[in-house]
Amino acid sequence: MRIIVSPAKQMAVDTDSFACAGLPQFLPRAQRLLDALRALTPQARQALWRCSDKIAAENEQRLRTADLRRSLTPALLAYQGIQYRTMAPGVFTDSQLAYVQRHLRILSGFYGLLRPLDGVAPYRLEMQAKLTVDGAKDLYAFWGGQIADALFAETDTVLDLASKEYSRCVAPYRPAGARIVECRFVEDVGGRLAEKGTYCKMARGEMVRYLAETDARTAEQARGFDRLGYRFASEQSDAGCYVFVRDPNGPPMRRP
């Protein structure tokens, strides 16, 4: 089994906590994207990034100094979004860290597919970005089925904890006989099951931690997840989608 998650926009540099175990497998493709970004004007890059002047200035500096082979941060520590803060990889035990290195894969518009201990440099490039490279109209076209091919070369079962934006680069290319199990984290809002963005991100990070702590080897074991007030809802679930419903009277959700 492999578990897929989305990256995060917010990134940090941490070359001290633990060492990188290798380089991303699609590094030449990432270098091509870096070259394409550098070829744009600052105004075009900011439009592509869809960010404030302050964030654009920070990423302009990163772009000027980016080296994809030196002074790198393990991917699991580089991403600083809610999902990753909830996961808290900095306090994983050695066995939990080994678990995620084997089972967890991070989807990236820039790097393609990452193992947790792959060394990365800070970047800003979402999968939905309309960056034209080598005749491809956007990043979905640029990556095509390469990410899915690499992922399914490792396993025939994928537990999907990624957002729709990122799942889209895997699901259409699933080979015959392979299985994708989506996890949805919802709560009852006026009789309708709805996802709440921040809570979903927290639940995805907590699910990764749960799977690592329980050394889960099958997608079915994810159904035991019972943290942050969520419980597996068998009546709303099927073989391709596990639904977890949060009890509104459960423990309060505090943003990490």
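Values below: every heavy atom of this structure, side chains too, minus hydrogens, waters and symmetry copies. Keep in mind it's a predicted model, so treat the numbers as computed, not measured.
Closest of all the heavy-atom pairs between Arg105 and Val100 is NH1-O, 4.2 Å.
Taking CZ of Arg2 as the reference point, atom CG of Asp156 lies at 10.0 Å (rounded to 0.5 Å). A distance of 9.0 Å separates CD in Gln10 from CD1 in Ile55, rounded to the nearest 0.5 Å. Here OG1 of Thr157 is found 10.0 Å from CD1 of Ile180. Values are rounded to the nearest 0.5 Å.
With hydrogens and angles disregarded, no donor-acceptor distance shorter than 3.5 Å links the side chain of Gln61 to the backbone of Ala57.
Electrostatic pairing of Glu195 and Arg246 does not count as a salt bridge here, judged by no charged N lying under 4.0 Å from a carboxylate O. Classification of Glu60 and Lys54 as a salt-bridged pair fails, no side-chain N sitting under 4.0 Å from a carboxylate O. Classification of Glu213 and Arg227 as a salt-bridged pair holds, one side-chain N sitting under 4.0 Å from a carboxylate O.
Between Tyr242 and Phe232, a ring centre-to-centre spacing shorter than 6.0 Å is recorded. The six-membered or imidazole ring of Phe92 lies away from that of Tyr99, with a centre-to-centre distance of 6.0 Å or more. The distance between the ring centers of Phe185 and Tyr230 falls below 6.0 angstrom.
Looking only at side-chain heavy atoms (C-beta outward), Arg29 and Gln146 come within less than 4.5 Å of each other. Within the 4.5 Å cutoff, side-chain heavy atoms of Leu40 are placed close to those of Leu48.
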* salt bridge (Lys or Arg N to Asp or Glu O under 4.0 Å) assessment of Glu58 paired with Arg124 -> CA-CA 10 Å; Glu58 176 186 33; Arg124 186 181 181 92; over 6 Å; no
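For the side chain to side chain contact (heavy atoms under 4.5 Å, CB included) with Leu77, the lone residue among Cys20, Pro116, Ser17 that qualifies is Ser17.
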